[in-house]
*Asks:* 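Would you mind keeping the following structure in view while I ask a few things?
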Amino acid sequence: MYTPKEIEQICRWRSEYATTPPDRLLLGSNAIPSTYRPAVATQIKLQQLLGNKLPSLSRCGIYIPEGINLEQASGEASALYKQRFVLPEDSLLDMTGGLGVDFWAMAQVAKEAIYVEQNEAMYSASAYNLPRLLPDRQVNLLHGDSMQILEEIINRHHPTIIYVDPARREDIMGTKRVYAIEDCTPNLYELIERLEQLNEPARLLVKLSPMLDIKHTLEHTPHIQQVEVVAVKGEVKELLLLIDLNLSQLHRDQITIRATDLNAIGRATSVTSTYVEEQASPLQISPSPLSYIYEPNAAIMKSGLYRSLGKQLNLAQLHQHTHLYTSDELLADFPGRKLELLEVIPFRSAAIKGLKKRLPMSMISCRNFPMKADALRQKLGIKDAGSTMLIGTTLQDGSATLLLCNMIL
């Protein structure tokens with residue numbers, strides 16, 4: 001672990017030796033003392049990843065203790081998206097500060113912000129980084145276990161919004177990752193109980209693994225007002241729980257569910273509903289595929305808001321259990337993949353025989369189909385390439401079918 005003054009010198013060396021291969025830097029043919037060479041080499045090695053994942057922080061020349069810290073941190077788009085949960089009058093408490101990416105984003109909005117981190121190396125890095133990232137904000141940095149000093153923080157700062165990113169523990173052998181809330185630290189249920197005892201009327205924003213089961217989480221976590229599935233460029237990155245201790249517990253089916261996908265510049269497309277509204281929404285089924293086919297993005301897939309999406313966009317599905325939509329006119333802003341239908345091919349021996357000859361390559365996907373994509377590819381003998389998409393699916397009449405489509409960018 002290095003002091004902020006040593007970190008400052010390491011960052012100077014990073015700039016001076018920016019074009020030197022990290023492996024060569026470690027050999028010692030330079031003026032950097034051996035104690036600091038690994039840290040300088042790490043900074044140089046991480047520059048490209050840092051620039052891609054966190055461009056604003058990269059421009060400020062932040063220091064990163066280890067590569068794993070950057071890998072586990074939020075990307076810039078998802079970090080900045082969390083600003084929507086913070087009010088200008090808020091006092092923000094980040095109980096699990098880490099590299100400080102989410103803290104940096106949310107502190108830009110809040111009136112006051114408190115960062116807490118128990119890992120000494122991460123705290124030292126943030127003591128160097130955060131004053132440079134937030135030069136005009138009132139921030140307080142605390143080193144310690146936030147659960148142990150919770151009462152002290154509450155009594156001194158009276159936070160109105162508390163952010164928690166619980167760490168997922170592994171089993172004793174370190175071979176199996178766990179995703180249940182009760183297997184994470186700090187324990188969310190314990191935190192809620194202690195805040196209730198302190199009569200602290202705060203809101204909690206909790207970042208959780210996208211592997212968690214949403215309905216199970218809603219059943220076992222009190223005071224949830226909203227759960228949001230956040231994806232970035234089609235990949236689900238996190239679940240966010242908004243918990244309001246000022247409000248009474250809602251029934252699971254009445255809690256707001258939001259599925260959001262962020263593009264490369266952070267622009268969000270969202271579908272919002274509750275499970276009551278989802279179940280009550282009429283299911284529109286098309287008797288046959290129309291000119292365009294749509295596949296929802298990963299956030300909608302995770303949320304299960306299929307009927308709500310169809311109702312919102314006035315689109316019909318291909319089958320009750322086939323979560324593909326269809327229309328005669330192109331819906332350019334559909335939140336997911338858009339395809340132009342070229343051909344409907346019955347999944348029968350006579351129809352697919354010789355398909356390889358006229359379609360030697362195509363992307364392949366399966367939705368509600370009796371075979372997985374890899375098995376279908378092997379059966380057809382088609383290479384995984386090209387600008388077309390062959391979708392194995394089931395239509396309204398129950399027939400297994402292949403849809404040959406052009407992908408629309």
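Residue numbers start at 1 and run along the sequence shown. On a predicted model such as this, the values are computed, not experimentally measured, just so you know.
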*Asks:* For D165 and T96, does a side-chain donor sit closer than 3.5 Å to a side-chain acceptor?
*Replies:* no

*Asks:* Run the ring pair (Phe, Tyr, Trp, His ring centres under 6.0 Å) test against Y294 and tell me which residues pass, sequence neighbours left out.
*Replies:* F334

*Asks:* Mind checking whether I192 and P222 have side chains closer than 4.5 Å, heavy atoms only?
*Replies:* yes

*Asks:* Would you say that T269 contacts T260 through its side chain, given a criterion of any heavy-atom pair below 4.5 Å between the two side chains?
*Replies:* no

*Asks:* Just by modelled atom types, is the L27 backbone N or O under 3.5 Å from a matching donor or acceptor in the R37 side chain?
*Replies:* no

*Asks:* Within a strict 4.5 Å, meaning less than it, do heavy atoms of the L262 and R267 side chains meet?
*Replies:* no

*Asks:* Kindly give the heavy-atom pair with the smallest separation between S362 and I382, and that separation in Å.
*Replies:* N-CG2, 3.4 Å

*Asks:* Taking H323 for its side chain and M301 for its backbone only, find out whether a donor-acceptor pair lies under 3.5 Å.
*Replies:* no

*Asks:* Looking at Q108 and W104, would you say the former's side chain and the latter's main chain have a donor-acceptor pair under 3.5 Å?
*Replies:* yes

*Asks:* For the pair E295 and R367, find out whether any cationic side-chain nitrogen is under 4.0 Å from an anionic carboxylate oxygen.
*Replies:* yes

*Asks:* Look at the side chain of E66 and the backbone N and O of I68, then say whether any donor-acceptor pair between them is shorter than 3.5 Å.
*Replies:* no

*Asks:* Considering only heavy atoms from C-beta outward, does the side chain of V232 approach that of S78 to under 4.5 Å?
*Replies:* yes

*Asks:* Return the NE2 to CD1 distance between H223 and I255, rounded to the nearest 0.5 Å.
*Replies:* 11.5 Å

*Asks:* Start with the C-alpha distance between M389 and R337, add both sets of side-chain angles, then the distance that settles side-chain contact (heavy atoms from CB on, under 4.5 Å), and finish with yes or no.
*Replies:* CA-CA 11 Å; M389 172 72 76; R337 180 179 283 157; 3.2 Å; yes

*Asks:* For F347, what residues pass the ring pair (Phe, Tyr, Trp, His ring centres under 6.0 Å) criterion, not counting sequence neighbours?
*Replies:* F369

*Asks:* Are any non-hydrogen side-chain atoms of D384 and I364 less than 4.5 angstrom apart?
*Replies:* no

*Asks:* Quick one: does S286's side chain have a donor or acceptor within less than 3.5 Å of a partner on L318's backbone?
*Replies:* no

*Asks:* Determine whether a donor-acceptor pair (N or O, by modelled atom type, separation under 3.5 Å) exists between the side chain of S146 and the backbone of M95.
*Replies:* yes

*Asks:* Under a 4.0 Å threshold between the charged nitrogen and the carboxylate oxygen, would R12 count as salt-bridged to E16?
*Replies:* no

*Asks:* Taking side chain to side chain contact (heavy atoms under 4.5 Å, CB included) as the test, write out the residues that go with E6, two or more places apart.
*Replies:* Y2, T3, Y36

*Asks:* For I391 versus C405, what's the shortest heavy-atom pair and its separation?
*Replies:* CD1-SG, 4.4 Å

*Asks:* For the pair T42 (side chain) and P38 (backbone), establish whether a donor and an acceptor sit closer than 3.5 Å, ignoring hydrogens and angles.
*Replies:* yes

*Asks:* Between H157, Q138, E112, which is the residue that forms a side chain to side chain donor-acceptor pair (under 3.5 Å) with S91?
*Replies:* E112

*Asks:* A quick test of your reading: do over 12 heavy atoms of other residues, nucleotides or ligands sit less than 6.0 Å from CG of D374?
*Replies:* no

*Asks:* Heavy-atom count check: over 12 atoms from other residues, nucleotides or ligands less than 6.0 Å from K311 NZ?
*Replies:* no

*Asks:* Could you report the tightest heavy-atom contact between P289 and L403, atom names first, then the distance?
*Replies:* CG-CD2, 3.9 Å

*Asks:* Which label fits H321 and H319: parallel for a plane angle under 30°, tilted from 30 to 60°, or perpendicular past 60°?
*Replies:* tilted

*Asks:* Are K215 and Y275 in a cation-pi contact, defined as NZ or CZ under 6.0 Å from the six-membered ring centre and within 45° of the axis?
*Replies:* yes

*Asks:* Can a salt bridge be assigned to the pair K233 and D261 using a cut-off of 4.0 Å between side-chain N and carboxylate O?
*Replies:* no

*Asks:* With a cut-off of 6.0 Å (strictly less than), are more than 12 heavy atoms of other residues, nucleotides or ligands near CD of E329?
*Replies:* no

*Asks:* Can any side-chain N or O of E278 pair as donor or acceptor with the backbone N or O of Y306 at less than 3.5 Å?
*Replies:* yes

*Asks:* Check the side chains of N406 and T388 for a donor-acceptor pair under 3.5 angstrom, ignoring hydrogens and angles.
*Replies:* no

*Asks:* Do T185 and N187 come close enough that some side-chain heavy atom pair is under 4.5 Å?
*Replies:* no

*Asks:* Compare every heavy atom of L240 with every heavy atom of L205, then report the nearest pair and how far apart it is.
*Replies:* CD1-CB, 4.2 Å

*Asks:* Go through the steps to decide whether S74 and D102 satisfy the test side chain to side chain donor-acceptor pair (under 3.5 Å), and finish with yes or no.
*Replies:* CA-CA 7 Å; S74 295; D102 290 323; 2.9 Å; yes

*Asks:* Quick check on side-chain contact (heavy atoms from CB on, under 4.5 Å): which of L93, L242, L195, I161 does L204 satisfy it with?
*Replies:* L195

*Asks:* Any Lys/Arg nitrogen of E89 or K111 sitting under 4.0 Å from an Asp/Glu carboxylate oxygen of the other?
*Replies:* no

*Asks:* For Q378, does the CD atom sit with more than 12 other heavy atoms under 6.0 Å from it, leaving out its own atoms?
*Replies:* no

*Asks:* For Y115 and G97, work out which heavy atoms get closest and say how close.
*Replies:* CE1-CA, 3.3 Å

*Asks:* So, do L133 and I62 sit near enough that their side-chain heavy atoms are less than 4.5 Å apart?
*Replies:* yes

*Asks:* Would you say T401 and T393 are linked by a side-chain donor-acceptor pair, where the criterion is simply a distance under 3.5 Å?
*Replies:* no

*Asks:* Has the side chain of S124 got a donor or acceptor atom that lies under 3.5 Å from a matching backbone atom of E120?
*Replies:* yes

*Asks:* Ring of Y128, cation from R132 - is the NZ or CZ under 6.0 Å from the centre and inside 45° of the axis?
*Replies:* yes

*Asks:* How about L315 and Q284: do any of their side-chain heavy atoms sit closer than 4.5 Å?
*Replies:* no

*Asks:* Can you name the nearest heavy-atom pair linking A105 to Q83, along with the distance?
*Replies:* O-NE2, 2.8 Å

*Asks:* Determine whether a donor-acceptor pair (N or O, by modelled atom type, separation under 3.5 Å) exists between the side chain of E76 and the backbone of S56.
*Replies:* yes

*Asks:* Does K53 form a side-chain contact (heavy atoms from CB on, under 4.5 Å) with L70? I'd like the steps, not just the answer.
*Replies:* CA-CA 9 Å; K53 186 171 185 175; L70 180 56; 4.3 Å; yes

*Asks:* Go through it in stages, so that I can follow the logic: the residues are K82 and V86, the test is side-chain contact (heavy atoms from CB on, under 4.5 Å), and I'd like the CA-CA distance, side-chain angles, deciding distance and then a yes or no.
*Replies:* CA-CA 7 Å; K82 296 180 181 71; V86 184; over 6 Å; no

*Asks:* Please round to the nearest 0.5 Å and tell me the distance separating atom CG of L376 and atom CG of L390.
*Replies:* 6.5 Å

*Asks:* Should I214 and V227 be marked as a side-chain contact (heavy atoms from CB on, under 4.5 Å) after you check the CA-CA gap, both sets of side-chain angles, and the distance that decides it?
*Replies:* CA-CA 8 Å; I214 293 178; V227 58; 4.2 Å; yes

*Asks:* Can E228 and K207 be counted as an ion pair, charged N to O under 4.0 angstrom?
*Replies:* no

